[in-house]
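Since the structure is predicted, the reported quantities are computational estimates derived from the model, not experimental observations.
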Number of protein chains: 2
Amino acid sequence: MKDVAAEAGVALKTVSRVVNNEPGVNAATADRVRAAIERLGYSRNESARVLRQGRTSSIGLVIEDVGDPFYSGVSRAVEDVAIRHGSLVLSGSSAEEPARERELVLTFCARRVDGLIVVPAGADHSYLRSELAAGTPAVFVDRPAGPGLDVDTVLCDNRGGARMATAHLLAHGHRRIAFLGDSPTIFTAGEREHGYREALGDLVDERLISMAHPELDRVRADLDRMLGMDDPPTALFTGNGRLTMTALRALAGRRMALIGFDDFELADLLSPGVSVVSQDSAGLGRVSAELLFRRIAGGGGPAERVQLPVRLIPRGSGELPPEAPRSS
Amino acid sequence: MKDVAAEAGVALKTVSRVVNNEPGVNAATADRVRAAIERLGYSRNESARVLRQGRTSSIGLVIEDVGDPFYSGVSRAVEDVAIRHGSLVLSGSSAEEPARERELVLTFCARRVDGLIVVPAGADHSYLRSELAAGTPAVFVDRPAGPGLDVDTVLCDNRGGARMATAHLLAHGHRRIAFLGDSPTIFTAGEREHGYREALGDLVDERLISMAHPELDRVRADLDRMLGMDDPPTALFTGNGRLTMTALRALAGRRMALIGFDDFELADLLSPGVSVVSQDSAGLGRVSAELLFRRIAGGGGPAERVQLPVRLIPRGSGELPPEAPRSS
DNA sequence: CTGAAAGCGCTAACAA
DNA sequence: TTGTTAGCGCTTTCAG
């Protein structure tokens, strides 16, 4: 910048003014400066600007895995909003490990991001307290923050969606409805289990509920066990996208009513089409990013908790009738 | 840092030494400093460090769309390698728009990223020349850089994969093989078309080739037109994942041999399973990131051009025999 | 082993 | 409309 000033025969500050499109610069002078910039191939050093202004024009995004379609949808939506606000996105995957989540968040904070969007992996976010107090706003997405942290949160209606799916199966005549969920330590998994239980009421049978990490072998074993019962399930409700696919593989063509939580590409092309409870991943990203930028801009008020609706998409698998009872 | 120094009763530089784990600090002093850091909740301001050192420990990643499973696979792999090198990833989606690609790259450069990984949308990358000359290394992924730019490149064997797929269909008795490709301005689309033509030789029929943006209506119209011919195609080769899915929808259950370029989730669950040419998106990301970090570390030598192998995964759809010729 | 001073490139505040 | 000066928080250099 010094060189540019010399080249254009003006003061440092004038160059700064031109670079920042600040008003109050003679057009001719500005042109001379721009010419000098062009000639010298100058480009502003953002680090210095950041140091001076204390604003990085970047936000940090911690998700579970960029490779997962649900989270990459969130990611893309956040990115779009950020660009509109002139911000860049620093992102990282926690791989569902609390330690990595913490490390990423603290790294982002050390880089003085203007704000954070976090899909939490852990349950303890006390490490964030000092950052929040220091004025870095954060929005939690998909899952709430650990106890004692008063922070904006954007969630899907997990419980309502699960209730809806289960009720849909009930309405189609099913009474024996199994639930395959992810590990109950995961917030969304627990909420969906609750919704399932609420809809089922007295019909709940603990033997038809299985919650653990979605591995094919586990799912297959569980399904085999359930289907081998005297009064086997006639319908299945799967607690997330990965589980739905795993279950589809494990079922290996056996015909059974099925509704999955979370939509997925090609669900409509399978036969029958897979009925799902669809979450709006893009909406999740968009809403949380907008909330964050409102906070960054100084928007005050108490922490908000937004819940986005989900919707049931019937495609056939959720509308299959119960198998005719076996004549015994 | 000044406060920490005061709190610990040492000089600024000593704090700096402790924070950076520099050798030559009395253990007791270091402990005192660390205690002060803890008490004050201090964390180093990376911007200032960057300003001084000129190294940001971050790389820029420009892809087409984080929401696309192929690119999010690349993305995740890049991220993993970056973390191992103590680097963060700034990423952005070009949405296949050259202007946005350019803007992202220049924004990243203004932030003084240590290096760039780019899936180019445009064909002209002259804007990068000054950055490269200034010492910011770049690696192009999935598609090569525009003419006149001597830069590391990591590609898949698009042509070979297309040749393999087409030959596979030929081996299963097909002689009328249609090709649906993406817009020919996209490098990978062109390469795959070439491979298809090479394998087909004299059997090429221009009426069985359609290349454009993968919209359902277009694909449906093309397929209808082709299937209405006197000698309709008995097999279809689709040029990317999006097109494969679109074609599956457009075929709406009509039985026809099919191989798609690029694997996708659930390809095995459709009936018949969809045979594909699988690209290693994670490998693409990993190899390019490793190459980039080698350059950042000062690794010299001429620009490399790495080609990753692809593999054919038969699942049924690519092994269907031609329909018995209609008795006319 | 520890410290003082200079300066990275920029912008804010104040003059002229 | 333009310029001058100070200082953001850190690391580098050189001196104790």
Among C:dC14, C:dG9, C:dT11, find the nucleotide with the atom closest to the side chain of A:Arg49. C:dT11
If you only use heavy atoms from C-beta on, which nucleotide in D:dG3, D:dT12, C:dC10 is closest to the side chain of B:Gln53? D:dT12
Side chain to side chain contact (heavy atoms under 4.5 Å, CB included), paired with A:Phe140, selected from A:Leu149, A:Leu155, A:Val154, A:Asp152: A:Leu149
Upstream residue (5' side of DNA chain D) when A:Asn26 and B:Ser47 are each assigned their closest nucleotide: A:Asn26
Is it the case that over 12 heavy atoms from other parts of the model lie below 6.0 angstrom from the CZ atom of B:Arg102? no
Any side-chain N or O of B:Thr14 below 4.0 angstrom from OP1/OP2 of C:dG3? yes
Could you tell me whether the phosphate oxygens of C:dT2, OP1 or OP2, come under 4.0 Å of any side-chain nitrogen or oxygen in B:Thr29? yes
Go through the side-chain N and O atoms of A:Glu103 and A:Tyr127 and say whether any donor and acceptor fall under 3.5 Å apart. no
Kindly assign one of parallel, tilted or perpendicular to the pair B:His85 and B:Phe293, based on the angle between their ring planes and the thresholds 30° and 60°. parallel
What contact category does A:Arg44 fall into here, base, sugar-phosphate, or nothing, at under 4.0 angstrom with non-hydrogen atoms? sugar-phosphate
How is B:Val10 classified with respect to the nucleic acid when contacts are heavy atoms under 4.0 Å: base, sugar-phosphate, or nothing? sugar-phosphate
Whichever of B:Pro23 and A:Leu12 has its nearest DNA chain C nucleotide further upstream toward 5': B:Pro23
